[in-house]
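Note sheet for the following structure.
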Amino acid sequence: YFTEKWYTMLGYEPFEFPASYENWRGLLHPDDRDNAIAVTEKYLKTKPDRYENSFRLRTKDGQYRWISTRAKVAERDTNGEAIRLIGHHQDITKRKQVEEALRTSQAKLINAMKIAKLGYWEYNVADNLFVFNDEFYSIFRTTAEKVGGYKMSPDRYAQMFLHPDDRSVVALEMKNAFKTADPLYSRQLEHRIIYSDGETGYLNVRFFIVKDNEGRTVKTYGANQDITERKLAEEKIKDQANFLRTLIDTIPIPVFYKDTEGRYTGFNKAFEKFVGKSEDQMLGKNVFEVY
């Protein structure tokens, strides 16, 4: 027996849809049919005190609505067999749509974090524990399962992942975050790390703080970004520039270069000797200003 509300929820009139189990099965979404029937038939056989399930049902206009159903045994016979059940259906389509939108948004965020090599973290002062996520651990080429979970003490984190020469830098930043009176305090820094495979990398860290009503820092949170590729590229460019500079300085012939406005932007030692002026006296000036 279904109430009139059950029919109107799906757009039917009571006389249009006989209340039978077979008719109910015919309304199920193809992707939900096997599971919904299996759960329902298992319940009909075992008849525990309560039953819960959710699935999509086809409405009169051909659309599908998410329905949540709950039931319980209302009456049993002398042998304990259930002879009457009572329950209700609820349209949860909007909730499901919100959940799906949230899952899609989270998936996009996770993908964006992976592409950007970002990992989110939090630190709870009272517990003295960091809380990390999967994206955070992927930066260090490991997983939560391998290191024992998503929570970790600062000391263990430092020992496992921070470069020995940069541990004091990170410790000082955390100390300043605890001491500051500014509730909007935030910092950005770069430091070296040790990947789980022993290689050295570089992180860019941006973090913020949360204070309680008494002005005490109770939490810090932020995101780490792996910038190893960028740092290595910068070092390579720097090495190449130093090499070229050394090469130019060893050439005995005076060499100079200017911008499109005719201002000196660089020269070698031979040119300085030839002109008789130092770098400070010529950089950014044109030939008339120099002479």
Item to check | Aromatic ring pairing Phe140/Phe161, orientation class (parallel under 30°, perpendicular over 60°, tilted between) | outcome: tilted
Checklist entry - Closest approach of Ala177 and Thr220, non-hydrogen atoms and distance? => result CB-CG2, 4.4 Å
Next on the checklist: Please check if the number of heavy atoms outside Lys151 that lie under 6.0 Å from its NZ is greater than 12.
Outcome noted: no
Next on the checklist: With a 3.5 Å distance limit and no angle check, can you tell me whether Thr246 reaches the backbone of Asn242 through a side-chain donor-acceptor pair?
Outcome noted: yes
Checklist entry - Which value, rounded to the nearest 0.5 Å, describes the distance between Asp226 atom CG and Leu118 atom CG? => result 9.5 Å
Checklist entry - How many angstroms lie between CG in Asp31 and OH in Tyr64, if you round to the nearest 0.5 Å? => result 9.0 Å
Next on the checklist: Using a 6.0 Å cut-off, check whether atom CZ of Phe178 has over 12 heavy atoms from anything other than its own residue.
Outcome noted: yes
Checklist entry - Looking at Asp134 and Ala144, what are the two nearest heavy atoms and their distance? => result OD1-CB, 4.5 Å
Checklist entry - Are the side chain of Arg192 and the backbone N or O of His163 linked by a donor-acceptor pair below 3.5 Å? => result no
Item to check | Exercise: do Asn224 and Trp121 side chains pair donor with acceptor under 3.5 Å | outcome: yes
Checklist entry - Side-chain donor-acceptor pair under 3.5 Å between Thr228 and Tyr195, yes or no? => result yes
Checklist entry - If we only count heavy atoms from C-beta on, is the Leu57 to Leu10 side-chain gap below 4.5 Å? => result yes
Next on the checklist: Are the side chains of Asn124 and Lys219 in contact, using a 4.5 Å heavy-atom criterion?
Outcome noted: no
Next on the checklist: So Phe130 and Glu122, do their side chains get closer than 4.5 Å, heavy atoms only?
Outcome noted: no
Next on the checklist: For Lys231, is there an ion pair with Glu235 - N to carboxylate O distance below 4.0 angstrom?
Outcome noted: no
Item to check | More than 12 heavy atoms from other groups under 6.0 Å of CD1 on Ile253 | outcome: no
Checklist entry - What closest approach, in Å, do Arg206 and Ser186 show between heavy atoms, and which atom pair accounts for it? => result NH2-OG, 3.6 Å
Checklist entry - Got more than 12 heavy atoms from elsewhere within 6.0 Å of CD1, Ile86? => result no
Next on the checklist: For Arg70, I'd like to know if atom CZ has over 12 heavy atoms of other residues, nucleotides or ligands within 6.0 Å.
Outcome noted: no
Item to check | Check: Val275 and Phe267 side chains under 4.5 Å, non-hydrogen atoms | outcome: no
Next on the checklist: Same cluster or not: Val98 versus Ile67, using hydrophobic residues (I, L, V, M, F, W, Y) connected whenever any side-chain heavy atoms lie under 4.5 Å apart?
Outcome noted: no
Checklist entry - Charged N to carboxylate O below 4.0 Å: is that the case for Lys277 and Glu272? => result no
Checklist entry - Should the heavy atoms of other residues, nucleotides or ligands under 6.0 Å from CD of Glu229 be counted, would the total exceed 12? => result no
Checklist entry - Would you say Trp66 and Met9 are hydrophobically clustered, going by side-chain heavy atoms of ILVMFWY under 4.5 Å? => result no
Next on the checklist: Is the distance from the ring center of Phe132 to that of Tyr137 below 6.0 Å?
Outcome noted: yes
Checklist entry - Can Leu129 be reached from Phe208 by stepping across I, L, V, M, F, W or Y side chains whose heavy atoms are under 4.5 Å apart? => result no
Next on the checklist: Just so I know, are the side chains of Ile92 and Ser54 near enough to count as touching, which here means a heavy-atom distance under 4.5 Å?
Outcome noted: yes
Checklist entry - More than 12 foreign heavy atoms under 6.0 Å from CZ of Phe243: is that the case here? => result no
Checklist entry - So, Lys269 and Asp249, do they make that salt bridge, N to O below 4.0 Å? => result no
Next on the checklist: Checking the side chain of Thr217 only, and the main-chain atoms of Lys211 only, is there a donor and an acceptor separated by less than 3.5 Å?
Outcome noted: no
Checklist entry - Is there a path from Val205 to Val125 through hydrophobic residues (I, L, V, M, F, W, Y) whose side chains come within less than 4.5 Å of each other? => result yes
Item to check | Under-4.0 Å salt bridge between Arg263 and Glu289 | outcome: no
Next on the checklist: Can a donor-acceptor pair be found, under 3.5 Å and without considering hydrogens, that links the side chain of Ser138 to the backbone of Arg141?
Outcome noted: no
Item to check | Ring centre gap for Phe136 and Tyr120 strictly below 6.0 Å | outcome: no
Item to check | Reported CD1-to-CD1 distance for the pair Ile139 and Ile193, which is rounded to 0.5 angstrom | outcome: 7.0 Å
Checklist entry - Parallel, tilted or perpendicular: which fits the ring planes of Tyr264 and Phe271, with parallel below 30° and perpendicular above 60°? => result tilted
Next on the checklist: Surrounding CD of Gln188 (heavy atoms of other residues, nucleotides or ligands, distance under 6.0 Å), is the total greater than 12?
Outcome noted: yes
Checklist entry - Is it true that Arg230 and Glu190 make a salt bridge, defined as a side-chain N closer than 4.0 Å to a carboxylate O? => result yes
Checklist entry - Are a donor atom and an acceptor atom from the side chains of Asp182 and Thr180 found within less than 3.5 Å of each other? => result no
Next on the checklist: Less than 3.5 Å apart, any donor N or O on the side chain of Asn128 or Tyr123 sitting next to an acceptor on the other?
Outcome noted: yes
Next on the checklist: Measuring from atom CD1 of Ile194 to atom CE of Met160, what distance do you get when rounded to the nearest 0.5 angstrom?
Outcome noted: 12.0 Å
Checklist entry - Are side-chain N/O atoms of Asp155 and Ser153 paired as donor and acceptor at under 3.5 Å? => result no
Checklist entry - Say you draw a straight line from CG of Leu162 to OG of Ser168; how long is it, rounded to the nearest 0.5 Å? => result 10.0 Å
Checklist entry - Does one hydrophobic cluster hold both Phe207 and Tyr150, with members joined at side-chain heavy-atom distances below 4.5 Å? => result yes
